[in-house]
2 protein chains.
Amino acid sequence: MANMQDIARIAGVSLGTVSHVVNNSARVREPMRKRVLDAVQAAGYQPSQLARGLRRDKTNMIGMIIPDITNPFFPAVVRGAEDVAFSNGYRLILCNTDNDHDKELIHLNELRTYLPAGLIVIPSNFSDLTAQAESYRRAGAGVVCIDRLPTNWSGDSVTADNEAGAYNATRYLIQLGHRKLATITGPLHLTNAQERLAGFKRAMRETRLDVAPEYAQETSFDKRGGHAKALILLRLIPRPTAIFAGNDMIALGALLAIREAGLRCPEDISLIGFDDLDLAEFTNPSLSSVSQSGYELGTTAARLLLERREGDKSPAKHLTLQTSLKLRHSVAPPKQAAEDHPATKMRSKAKTNRLAPKA
Amino acid sequence: MANMQDIARIAGVSLGTVSHVVNNSARVREPMRKRVLDAVQAAGYQPSQLARGLRRDKTNMIGMIIPDITNPFFPAVVRGAEDVAFSNGYRLILCNTDNDHDKELIHLNELRTYLPAGLIVIPSNFSDLTAQAESYRRAGAGVVCIDRLPTNWSGDSVTADNEAGAYNATRYLIQLGHRKLATITGPLHLTNAQERLAGFKRAMRETRLDVAPEYAQETSFDKRGGHAKALILLRLIPRPTAIFAGNDMIALGALLAIREAGLRCPEDISLIGFDDLDLAEFTNPSLSSVSQSGYELGTTAARLLLERREGDKSPAKHLTLQTSLKLRHSVAPPKQAAEDHPATKMRSKAKTNRLAPKA
DNA sequence: CAGTATAGATGAAACATTTCAAAGCGCCCG
DNA sequence: CGGGCGCTTTGAAATGTTTCATCTATACTG
């Protein structure tokens, strides 16, 4: 590959001049400028990002650390981040942690040696990134946490309004006439699971409905967990008539359990998930869900990072994205309340329907 | 961050010695060696990947160029590649092309300036990577194409046995008693779509069944395309009793179209997709599909790359991964043939069932 | 014990940039 | 015509490694 030296020789100018032309870092008189540009064109020269990064003490890479790209919520997040990054000349290094704190640490430590422009992190379980983030910030690289936050996180963040989303979903079920609600939460050491549970509880409290401990089951954010915990819920007396699941994978497992138990959704049990994954549309019945845009989560985080890169020194920002309730076929009024509750009329046959989230 | 100079000073040795200890590139006597290691530990030193890459003329990065991480088939591929890369000390730079050849070219050109250890590429439409790949190879970096190949590709590749997979699926439908089969292929400039069509045709030819042109519709690999083309197929006379879809997204669209047309799957029309995405399990009816492991595609490609990196100079390898037929509820014997065809007994109520692929 | 081979340690060059201080140069003004 | 000023251009240093040629000291051989 041609290097700057070559270009300088071809164009008959000094090394510094080539650099100035390439980077627009100083005035260069037109004829000379043109000679350089021509040489660049002719040789197909592209500056070495390595040398550039080494010298500038910063590269155009952005580290993206996520639990697992295979989890259907994350690809959109990554894509959002990549799109914004790409169109601003940045590239993404993708790292999967499997929620393993050690793996996260390995990535955190190694990525720093690439002098990335910043980091977008979906923290693993029990992360404490404060020290690491501080070290990145000292090196002039921003760190944005998204989706859920480590304990004591004081840096930039972008998350969905989990509490409001859960609240709206729960309130909707209550308005349909449900009185015996249950929830299957994600791991409660994760802030997003906590917030969703909080939203659920607030809606219940507001209606003076009780949440007995066994009606709030905690599990991992996956199908298997949802399946196991739903089986437990279905054995409770009285049996819940509606379940709010911490995410769509849990809801999917619950759906399976409901079917296995010989019950029907939504006739016997209503079900609402969270995330509004693509698959929510294809389940049988199709799954109602609190919709959050993973893509937007990614773009917002990347933009925040780039603003910091441009020199934004303002105090830590906590951006919250609104959710919307996507109604499909997995919800219905409870059987005994179908006729006598006024909210029943809200039951919609429409495949999708938006309920504006709390402002 | 501490650099090598610091370590040398702390340990009281020369720069070169530190390097040799860190890289095991030369014998260093134990006491000195230990002093260096202690200093590294104490300072939390990590070598700059930038400087190292610049000097070694090669980094530990692998470029991964794919159409769109949001397409549900690709996350597993990426994850497979990342797992093998990670456990060998390599990191992945993820690039989405949206099947846009220009975007692909931008990535191809820029990635080279990072001096990556190699490239894993799912080529975009109409790619001709020969020249680019040659330039990478000259720089000592391997290029592996996966999933589908550019025209005239002569380098390393890993693909599924698309032809056999399609053949088996089609043959299965025929054995069930179907005689009027149709297919909705992906874009026929893509080799995987071509091969799947070829497998379909071979099975038809073997049974002396005709494939009239209008019974083989071509479209993009997505739901919308499948939907549109299925509507066309459903209007044909005689109407096909089974459709082999070029991938699961197409099948999904077809499923929608079948439902819209007031027909039932599998009673009126059987349907088989390709890829066996997670969602195939959740559709209604659940979708039969030719299963290929995206994860394995990724791991195999990464391993191939690393072998090249270790100096394997053997001629281009073309690895082919076997597929298996995953039977679910979207297939049934055709109504009129339900009783009188011997193959009918193969119809299984089992949710999943493997049919060994052609050896 | 002298001479030599050899393992071990070192210092400097090289990788491809950016950037800063300094030099060159034309031009205007006195 | 000389001095000074401001715009261009240049050359060199610096970034953090690796590696190669040297150099040193140690052990071995005759």
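Within every chain, numbering begins at 1; the chains are lettered A, B, ... in the order of the sequence lines, protein sequences first and strands thereafter.
Looking at Asn60(A) and Glu110(B), their side chains do bring a donor and an acceptor atom within 3.5 Å of each other. Checking Glu104(A) against Asn109(A) by side-chain atom types alone, no donor-acceptor pair falls below 3.5 Å.
Salt-bridge formation is detected for the pair Arg79(A)/Asp98(B): a Lys NZ or Arg NE/NH1/NH2 atom is positioned less than 4.0 Å from an Asp or Glu carboxylate oxygen. With respect to Lys317(A) and Glu307(A), a salt bridge is recorded, a charged nitrogen being found less than 4.0 Å from a carboxylate O. With respect to the salt-bridge test (charged N to carboxylate O, under 4.0 angstrom), the residues Arg33(A) and Asp38(A) do not qualify.
Between the CD1 atom of Ile62(A) and the CG atom of Leu111(A) there is a distance of 11.5 Å, given to the nearest 0.5 Å.
For Arg55(A) against dT15(D), a side-chain-to-base donor-acceptor contact under 3.5 Å is absent.
Taking atom CG on Leu115(A) and atom C1' on dT17(C), their separation rounds to 14 Å, with Å as the unit. Across the protein-nucleic acid pair, Lys58(B) atom NZ and dT19(D) atom P stand 13 Å apart, rounded to whole Å. Following rounding to the nearest Å, Asn60(A) (CG) and dT18(C) (C1') show an atom-to-atom distance of 15 Å. Atom CG in Leu54(A) sits about 17 Å away from atom P in dA14(C), given to the nearest Å. The nearest whole Å value for the distance from the CD atom in Gln46(B) to the P atom in dT17(D) is 11 Å. For the pair Gln49(A) CD and dC15(C) C1', the computed distance is 16 Å after rounding to whole Å. In this entry the distance linking CE of Met1(A) with C1' of dT17(C) reads 15 Å, nearest Å.
Of the side-chain N and O atoms in Tyr45(A), one or more sit less than 4.0 angstrom from OP1 or OP2 of dT17(C).
Residues from residues 3-34 of chain A lying near DNA chain D, meaning a heavy-atom separation below 4.0 Å, are Val13(A), Ser14(A), Thr17(A), His20(A), Arg27(A), Val28(A), Arg29(A), Met32(A) in numerical order.
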